[in-house]
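All remarks here apply to the structure that follows.
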Amino acid sequence: MGRCPRGSAQGYCEKSGRGNRELKNYLEIIFKDVITRLNIPDDVPLIFDTPKSEAHGDLATNLPLLLTKKLKRNPMEIGTEICNALSYDKEIIEKVELVKPGFVNIFFTAPYITGIIQDIHRENERFGTSSKYSGKTANVEFVSANPTGPLTVGHGRNAVCGDTIANMLEWVGYDVTREYYFNNAGRQMRVLGDSVRLRYLELCGEAVMFPEDYYQGEYIREIAARLEEKHGDDLMNEPAEGKFKDAAESEIFELIKVSLERLGIKHKIFYNENTLYTDGRIDGLLNKFKEMGVSYEKDGAVWFRFSEAGNEQDKVIVKSTGEPTYRLPDIAYHVTKFERNYDLIVDLFGSDHAATYPDVLAALRILGYDVSKVKVLIHQFVTIMQGNEVIKMSTRKANYITLDELIDEAGSDVVRFFFNMLNLGTHMNFDLELAKKHSDENPVFYLQYAHARICSIIRTASEAGLSSSLDNIHLLILPDEQRLIKILHRFPEEMLTAADTLEPGRIASYLKELAAAFHRFYVAIRIIGSEKETAEARLAMAEAVKTVIKNGLGVLGVSAPERM
RNA sequence: GCGCCCAUAGCUCAACCGGAUAGAGCAUCAGCCUUCUAAGCUGAGGGUUAGUGGUUCGAGUCCACUUGGGCGUACCA
């Protein structure tokens, strides 16, 4: 890298690109150097983070505070020694200061900070990606709703967050497989098929009793109507599980896929639970458990010794009817994920499934698989409010608001951003009335507006014969400029942290901060109309902001409009 | 009853491995468009971070208990 100052620390310049991570790497090198020279114990963590207040520098460490106990000395004394011994490149670091309790605050030089703009222009739509996990594969399983009805708002959170997590993993280098696991057999599906059959019989003029615990949704009637249209009353003697169930399954799956597609979500694999039976995996697993002595028979059922694996209690894996419970195929399914050799296996469930995964993991551990590869993410439920009323979702009772209805009302961008804003553990209250009425006040517009604004500036500038240039970016020394550029520095690191913690919410928070800094700059400082070289540099900066917003929104699956 | 998750401004949410004065948006109030998009900006008010105790240089963050909510606790998925 030609921009690397000559005296920079060893190893630092070998990194391509900058950003906060590189700055931290540099600090780590020069601090470790001091630690060895001063013979300070090196078993305390050396952490640099971005202080909340600008007055506290660009990066800061609490090293002296952490050392006080170890050295039994005053933190300020230790800090003084460290700061005096610190040798650093003046072209990178402006100053290092030691303050009150024992923080060391580091300030970077403006020209050095500004260099990130070149990186962003060079890497463009790839800026923010990382090769940290290149060559690794990941499987992200999400949605996985059985085809018994359209997706509800409740599924929206899972769908959106799952897809965003997959995006984040791709950004840091993983080859990601998006997977949807479903079950088209069993009692639920029998009831579904029979629900359609009964509606069909109604249409054929039969008087039927439609049980209360059958699927009440309007879509059942529609499926029945299409069957009636196609076959007349030829199907009146068909069993529920044949044509009725098949029609329901395929039509509902079509609905689900369309909803997902509207949100830009496409799964690569739809894994049918049934194949686990037909290819003998279920039986194979049962035999293996028996051989290993981890299962036993009681009351005509087969039980798994989960209690011996440290879980609460033993559970039935095969009912006395001979039918496996969901646990067994779940285990077999995860075995296939291991056999498919993923380096990372992510499962995203709603909190209603929180109780099942410890058993699955325990069984996998007993089978000898490296369970640390599996990251089970549990997202909390979204409480849907209509005014003051809580809407309890139930597919069976047809008491729900579909994801499609929400997308119709709010639009895909708003829906994606809305679910992505939140950390997975957050219990959220979602007031539908409010979402409809105030949708133009959704924070997503704040980000999109910043992007559109920059596009508009670029258009206007180009009409005025002005274009961006990297030649004079050193002119960008105003506080509003530096502040903005420093936020740009953080993007690759934020992306990596988001991917490592599997938290989509981080990206949204970061982008809000970036957009805020840009809007502030925009109001305070003019681009067009300022002195030519400065204007060109500011344009280059604005383009860099635009790139980062676009890339960030891209990860969230939200569009970056050129005009609004 | 037991287990997991959660509780932060009036509302919806942030706060990276425990750090410096707990931050945004909405709502309220007061200002800012003859110049690049006012879907924007500036400022004000608004908090005992549910409560109590503990750990330590330092706690919204960790531990214990209490209260209030969500989800489980099936030979349903």
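- Across all strands shown, A/Phe103 has heavy atoms under 4.0 Å from base atoms, whether or not it also approaches the sugar-phosphate.
- Base contact: A/Thr50 has a heavy atom under 4.0 Å from a base atom.
- When distances are taken from the side chain of A/Trp303 to each of B/C41, B/C75, B/C36, the shortest belongs to B/C75.
- Note on A/Ala542: nothing from the nucleic acid sits closer than 4.0 angstrom, heavy atoms only.
- Side-chain proximity of A/Leu65 to the nucleotides B/A14, B/C57, B/C75 is greatest for B/C57.
- Of all heavy-atom pairs spanning A/Ser559 and A/Asp413, the tightest one is OG-OD2, 2.6 Å.
- Proximity of A/Tyr326 to the phosphate of B/A77: no side-chain N or O atom is located under 4.0 Å from OP1 or OP2.
- If you check every strand for non-hydrogen atoms under 4.0 Å, A/His519 touches sugar and phosphate atoms only.
- Note on A/Asn423: a side-chain N or O is less than 4.0 Å away from OP1 or OP2 of B/A14.
- Within the nucleic acid shown, A/Arg563 comes within 4.0 Å of at least one base atom, counting heavy atoms only.
- Contacts of A/Ser320 with the nucleic acid, taken as non-hydrogen atoms under 4.0 Å apart, include base atoms.
- Counting any heavy atom pair closer than 4.0 Å across all strands shown, A/Asn62 reaches a base atom.
- Taking side-chain N and O atoms only, A/Tyr446 has a distance below 4.0 Å to OP1 or OP2 of B/C41.
- Nucleic acid contact class of A/Asn146 (heavy atoms, under 4.0 Å, all strands): sugar-phosphate only.
- A/Tyr522 comes within 4.0 angstrom of a nucleotide base, judged by non-hydrogen atoms across all strands.
- Within the 4.0 angstrom heavy-atom criterion, no nucleotide atom of any strand lies near A/Lys315.
- A/Leu424 comes within 4.0 angstrom of nothing in the nucleic acid, heavy atoms only.
- Counting any heavy atom pair closer than 4.0 Å across all strands shown, A/Ile525 reaches a base atom.
- For A/Phe381, the side-chain atoms get nearest to B/G70 when compared with the rest of B/G70, B/A39, B/A77.
- A donor and an acceptor atom never sit less than 3.5 Å apart when one is taken from the side chain of A/His353 and the other from the base of B/G72.
- Among the nucleotides B/U73, B/C5, B/A38, the one closest to the side chain of A/Gln313 is B/U73.
- Distance from the side chain of A/Ser509 is smallest for B/A14 among the nucleotides B/A39, B/G72, B/A14.
- Within 4.0 Å (heavy atoms only), A/Asp314 reaches no atom of the nucleic acid at all.
- Out of B/A77, B/C16, B/U37, the shortest distance to the side chain of A/Thr497 is found at B/C16.
- Taking the ring centre of A/Tyr522 as origin, the terminal cationic atom of A/Arg453 falls inside the region bounded by 6.0 Å and 45° from the ring axis.
- For A/Lys319, a side-chain nitrogen or oxygen approaches OP1 or OP2 of B/C76 to under 4.0 Å.
- OP1 or OP2 of B/A20 sits under 4.0 Å from a side-chain N or O of A/Lys52.
- You'll find that the side chain of A/His427 is closest to B/G70, out of B/G3, B/G70, B/C36.
- Using a 4.0 Å heavy-atom cutoff across all strands shown, A/Ala452 reaches at least one base atom of the nucleic acid.
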